[in-house]
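Bear in mind the structure is a predicted one, so any value in this text is a computation, not a measurement. Remember, it's 1-based here, ligands and their atoms both numbered in the order they're listed. One is the number of the first residue; the rest follow in order along the sequence.
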Amino acid sequence: MPRDEKGLRTLSKVDNHIVYLDYAASTPLREVAKDALSAFYEEPCSVANPSSLHTLGREASQALEAARKSISQATQNAFKPSEVTFTGGGTEAINLAIFGILEGVKRQNPARTKVFISAFEHDAVFDLVSPLKRVGFDIITIPITNYGLVDLEFLEKNVDEKTALVCVMGANNETGIVQEVTTIAEIAHAKGAYLFCDCVQAFLKTDLPYESIDALAFAGHKIGAPKGIGAMLVKRGVPYAPQEFGGGQEGKRRPGTQNLPGAVALGKTVEYVFEKNDAIEREIERKVALVEAFLFADDTGILPSVSLEDAPTDGTAKENIKRVPGIVSAYVPGFHSETLILALDARGFAVSAASACTAGVAGGSRVLRAMGFSADDAASSLRISFDERASDDDLTAFCEALLEIVKILPKN
Ligand code: PLP
């Protein structure tokens, strides 16, 4: 296979390009973001610091405010522009939101020490458990049902007046399953607790009940905007104590000179995706159906990791269980996901295990294990993720390659 001067492979079997199907880890930059970046760098104010008083500084600040407004509009104005704080991405937004709100709550009411965190949160949330315990919070893990939803009965029974915060992701990064956020918010609010949602995978991919969410985080690079820019949204009235110090930017919540071009490109991307959302979603769903029909045909031996077959038919009707479009989680019995990823990579296809961060983790995906998978089964899942830009030819070529690999490679 041809290689470049650094020894990296340059071509794949499909039209001489690598087929990238790992959008849940990070998306290619959208044209709208590229255009916004190049247009912005032509603007005189692109040289300026948005905190400067002179004309260029004020213009830079206006560009930043326009991006804040676009984000607010994408939440149906449930979050005001002034409630949007630009950050360096999802993880920073999550850290600032959770620590900031908890310190704010603690100052108002030190008796509220309980924090509920669902068992399948991304590490950006889950890794806060130890530091939160160290500063005196009691962390309660919310179990997950076998069909990938937060256990509402558990929440109902256990959230009480000592609860400060409930943290549940809007949609899961491995299964794409969308959580019942409205009900979770009702349970939290009934006891005076707040709801934080990690919306890194959900933002602009499903209708979120923004009016019920007290705070959320998202990242530009999951929706086609540049990497290194994201936002924390916290409603006025939610107690918040700053976690970073050193300047007055972003309402003192995220001091330091902002990533102005990143924010501008983010704002334009949000506007574009928000406006085209229905058409984008329909196209992704068509492509997901194509991949699923191929991979999950009777004779392939590959199964969906997320089967809604066993979902309950009572309160939570199957048809109410939604997934964000564009994540196909495939369980390939007998194969370790790393083996498959490397074999696919050698043929020019880029996909992840259940999540990009799971690679190399013993026992496989924490998310799938929380849903009842054994360690072995959890280590045999692939996540194929894309948006409307993936071509049908690339998706078909990927499916053919995976089926061929499963036929010729020895099982574990
Ligand atoms: N939360 C979820 C659900 C994610 O999928 C990710 C990234 O994969 C993050 C948080 C972290 O976001 P970032 O990589 O922008 O810090």
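- Taking only nitrogen or oxygen atoms, main chain and side chain alike, Glu92 does not reach within less than 3.5 Å of ligand 1.
- Between Asp387 and Lys287 there is no salt bridge, since none of the side-chain N atoms of the basic residue sits less than 4.0 Å from a carboxylate O of the acidic one.
- For Ile94, every heavy-atom contact with ligand 1 shorter than 4.0 Å involves the side chain, none the backbone.
- Neither the backbone nor the side chain of Lys227 comes within 4.0 Å of ligand 1, counting heavy atoms alone.
- Using a 4.0 Å cut-off between charged side-chain N and carboxylate O, Glu31 and Arg389 make no salt bridge.
- Annotation for Lys235: atom NZ counts as buried by contact number, over 12 foreign heavy atoms lying within 6.0 Å.
- For Asp198, every heavy-atom contact with ligand 1 shorter than 4.0 Å involves the side chain, none the backbone.
- Interface atoms of ligand 1 facing Ala219, defined by a heavy-atom separation under 4.0 Å, are 15 (O).
- A 6.0 Å sphere centred on CG of Asp207 holds no more than 12 heavy atoms belonging to other residues, nucleotides or ligands.
- Contacts with ligand 1 closer than 4.0 Å are made by side-chain heavy atoms of Met169 only, the backbone lying farther away.
- Classification of Glu388 and Arg30 as a salt-bridged pair holds, one side-chain N sitting under 4.0 Å from a carboxylate O.
- Short contacts between ligand 1 and Gln201, defined as distances under 4.0 Å to a heavy atom of the residue, involve ligand atoms 3 (C), 4 (C), 5 (O).
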